[in-house]
Amino acid sequence: MGKLSKYKPQLPFPGRKAKISSDGERSHAEEKENYVGPYDNSPIPRLTIHSFIMGVFVSMGGFIFGYDTGQISGFLGMAEFQRRFGQKASDGQGYYFSNVRSGLIVALLSIGTLMGALLGGPVADRIGRKWSICAWCMMLHIGLIVQMTSADHKWYQIVVGRWIAGLGVGALSLLVPMYQSESAPRQIRGALISTYQLFITLGILVANCINYGTETRTDTGSWRIPMGISFVWVLILGTGIIFFPESPRYDYRHGREEQAKRTMTKLYGVPDNHRVVAEELAEIKQKHEEELLHKGESWWKMFSGPRMLYRIALGVALQALQQLTGANYFFYYGTVIFKATGINNSYVTQMILGGVNFGTTFLGLYVVEHFGRRKSLIFGAFWMFVCFMVFASVGHFSLDRTTPRNTPAAGTAMIVFACLFILGFASTWGPIIWTICAELYPSRYRSNAMALSTASNWGWNFLLAFFTPFIVGDIDFRYGYIFAACLFVAAAVVYFFVIEGQGRTLEEIDTMYILHVNPRESTKWVAPPPEELITTERLVRGEVAGTGADLEQSDSARARAKETEPGESLLSIS
């Protein structure tokens, strides 16, 4: 970020509005005339009470998803749930879930979430981020009501209810990171967006604990009580969000400039004439004016935007690879998996895994802002690769799968490496992928592009949830080798294609992708002042000519020239 000059024309000066000349440009004299005082350059608090509350409360959307994930894993092992919605065993001595039925009950939520993620973006652009969150919470309540009213043997009603609830969960999975990325102060944006994943893990842990408390009941309370408690979490988010401000960027784009400024000053914890607020408002203003020139443009035009096809493909791949790490193999089917290892009470094991998952996600909040995105993801992928290789090998070669109690050491080793795997996932790929996808796209395409990448997450979530019972039935714990191979691919994708966004503004990240900055050298890239950033909007408007390597070469040449001619701007590149 370049230093502000006293009368820099791109910045909104505090006090009276600057006069605009007939050609839309502010003259230096007019800027000076309207200048009423210097900018406040005092240090910026790293975290304020307003940004903390915003990050934590809005992340309740992640808690709701995590809670649903944790509870369905427990339901599949409950005797009353099996009796009510399962199939009678051939010997008449009990009930069970076929692969198809268990796959549909678990996976239909993911179909709903995929559709909700695609619908969430356009709705959020029309009615706002916070009111969209409120509306989709209502959809979640409808889905819960449908599930809780399911009669005996009406297992398909559970499936339909989970699909409806999935619409709300999927929309929230898009809206929460979007709201946080558009509101969070830049120095903690990664950590605040990662709280979404933290609350997913907290939801899983709380669901595991409640399932453990009700699984011994012999009536429908064993599953209806945990499901009914979901109403509380959804109600807290749906009503509480009403009292929060809209995201500053959405407010500004809809003519509420002063409200956007007030929100930013509270979140940054600085006075309204602070340098960082002025810079960010200048960037938002410029983006908004550029977006107006293309208002009403068809959504599919985003694929032809500067490097947008590349970035959309990258976001879709990263979200798919997050699912292909294999984490949900434990979260969805953990109760069933650990019964197969001879654990007497698999609900206890699920609580242990949930506790590890939640506790180590705090490490992820530190990692994302102190070690960067790239290093953390690559290290995490190789850590999980090793864990899955050991887990799969012990499960296939050492565990007595017919009578697991005959090989207690093998069962214990599998639990240990499952915990180590979750440590790696929760501190790297769990939270950081959401952060990267929230940073990856320019503002004019962000909602639709994020919808596609989030839909990729839920699409792969469905495929894994539905087909896992069949695959495990055929190849047992060797399934882990497939995830290990995917983790190797995931590390390679990050190494070759993901640019480091730690400490960067969203506009700087946009510029880096446009300039084809080498991902392996991205930490060394020095950003020019805000008014010289080569952004998507400036390229679309034709203010900067050239693409790809040409722009990168011009940027390097300009940087060298600035050593002797510091007054020139990158916008003069032709």
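Heavy-atom basis, side chains included; hydrogens, waters and symmetry copies ignored.
- Under the 4.5 Å side-chain criterion, counting only non-hydrogen atoms from C-beta, Met139 is not in contact with Leu172.
- Taking CD1 from Ile204 and CE from Met351, the interatomic distance works out to 14.5 Å, rounded to the nearest 0.5 Å.
- By the 4.5 Å heavy-atom criterion applied to side chains, Tyr67 and Val206 are counted as neighbours.
- At a threshold of 4.5 Å between non-hydrogen side-chain atoms, the residues Phe425 and Thr360 do not count as touching.
- Closest approach of Leu144 and Ser230 over heavy atoms only: CD1-CB, 3.6 Å.
- For the residue pair Ala451 and Leu118, the shortest heavy atom distance occurs at O-CD2, 3.9 Å.
- Between the CZ atom of Phe244 and the NE2 atom of His50 there is a distance of 10.0 Å, given to the nearest 0.5 Å.
- Distance alone, capped at 3.5 Å, is enough to place a donor-acceptor pair between the Ser247 side chain and the Tyr250 backbone.
- Considering CG of Leu175 and NZ of Lys130, their distance stands at 14.0 Å, rounded to 0.5 Å.
- In Tyr212, the OH atom is not crowded: 12 or fewer heavy atoms of neighbouring residues, nucleotides or ligands sit closer than 6.0 Å.
- Ring orientation note: the planes of Tyr310 and Tyr513 are tilted relative to one another, at an angle of 30° to 60°.
- Not one N or O on the side chain of Arg520 forms a donor-acceptor pair closer than 3.5 Å with the backbone of Tyr495.
- Val493 has its side chain within reach of Leu318: a pair of non-hydrogen atoms, C-beta onward, lies under 4.5 Å apart.
- Residues Glu507 and Thr511 have side chains that never bring a donor and an acceptor to within less than 3.5 angstrom of each other.
- A donor-acceptor pair under 3.5 Å is formed between the side chain of Arg374 and the backbone N or O of Val494.
- The shortest heavy-atom contact between Pro306 and Ile514 is CB-CG1, 4.1 Å.
- Between Glu182 and Arg253, at least one side-chain nitrogen of the basic residue sits less than 4.0 Å from a carboxylate oxygen of the acidic one, meeting the salt-bridge criterion.
- Neither side chain, Ser456 nor Ser453, offers a donor N or O lying under 3.5 Å from an acceptor on the other.
- The shortest side-chain heavy-atom distance between Gln259 and Tyr252 does not fall under the 4.5 Å cut-off.
- Taking the six-membered ring for Trp, His274 and Tyr268 have ring centres at least 6.0 Å apart.
- No salt bridge links Asp251 with Lys261; every basic N to acidic carboxylate O contact stays at or beyond 4.0 Å.
- Considering only heavy atoms from C-beta on, Met302 stays 4.5 Å or farther from Tyr441 through its side chain.
- Of the residues Arg311, Arg307, Arg504, the one that meets the side-chain contact (heavy atoms from CB on, under 4.5 Å) test with Asp510 is Arg311.
- Centroid-to-centroid, the aromatic rings of Phe65 and Trp458 come within less than 6.0 Å.
- Of the inter-residue distances, the one linking Leu420 atom CG with Ile422 atom CD1 reads 10.0 Å to the nearest 0.5 angstrom.
- Of the possible polar contacts, one joining the Thr195 side chain to the Gly55 backbone as a donor-acceptor pair under 3.5 Å is found.
- Contact detail for Phe421 and Thr325: the closest heavy-atom pair is CZ-O, 3.3 Å.
- Contact record, Ser132 with Gly128: OG-O, 2.6 Å, taken as the closest heavy-atom pair.
- Counting non-hydrogen atoms of other residues, nucleotides and ligands closer than 6.0 Å to CZ of Phe52 gives a total of 12 or fewer.
- One N or O on the side chain of Ser522 and one on the backbone of Glu500 form a donor-acceptor pair closer than 3.5 Å.
- Using a 4.5 Å cut-off on side-chain heavy atoms (C-beta onward), Asn461 and Thr113 make no contact.
- Put simply, the side chain of Arg162 never gets that close to the backbone of Gln147: no donor and acceptor are under 3.5 Å apart.
- Side-chain polar atoms of Gln322 and Asn457 form a donor-acceptor pair below 3.5 angstrom.
- Under a 3.5 Å cut-off, the side chain of Thr428 and the backbone N or O of Leu377 do not form any donor-acceptor pair.
- We find the CD1-SG distance between Ile433 and Cys437 to be 6.0 Å, quoted to the nearest 0.5 Å.
- Using cut-offs of 30° and 60° on the angle between ring planes, the pair Phe385 and Phe382 is perpendicular.
- With hydrogens and angles ignored, the 3.5 Å screen pairs no side-chain donor or acceptor of Gln502 with any backbone N or O of Arg373.
- Between Tyr329 and Phe388, the ring planes lie tilted relative to each other; the angle falls in the 30° to 60° range.
- For Ser51 against Pro185, the heavy-atom pair with the smallest separation is CB-CD, 4.1 Å.
- The shortest side-chain heavy-atom distance between Phe362 and Leu198 falls under the 4.5 Å cut-off.
- Note that CG of Asn357 is 13.5 Å distant from CD1 of Ile352, once rounded to the nearest 0.5 Å.
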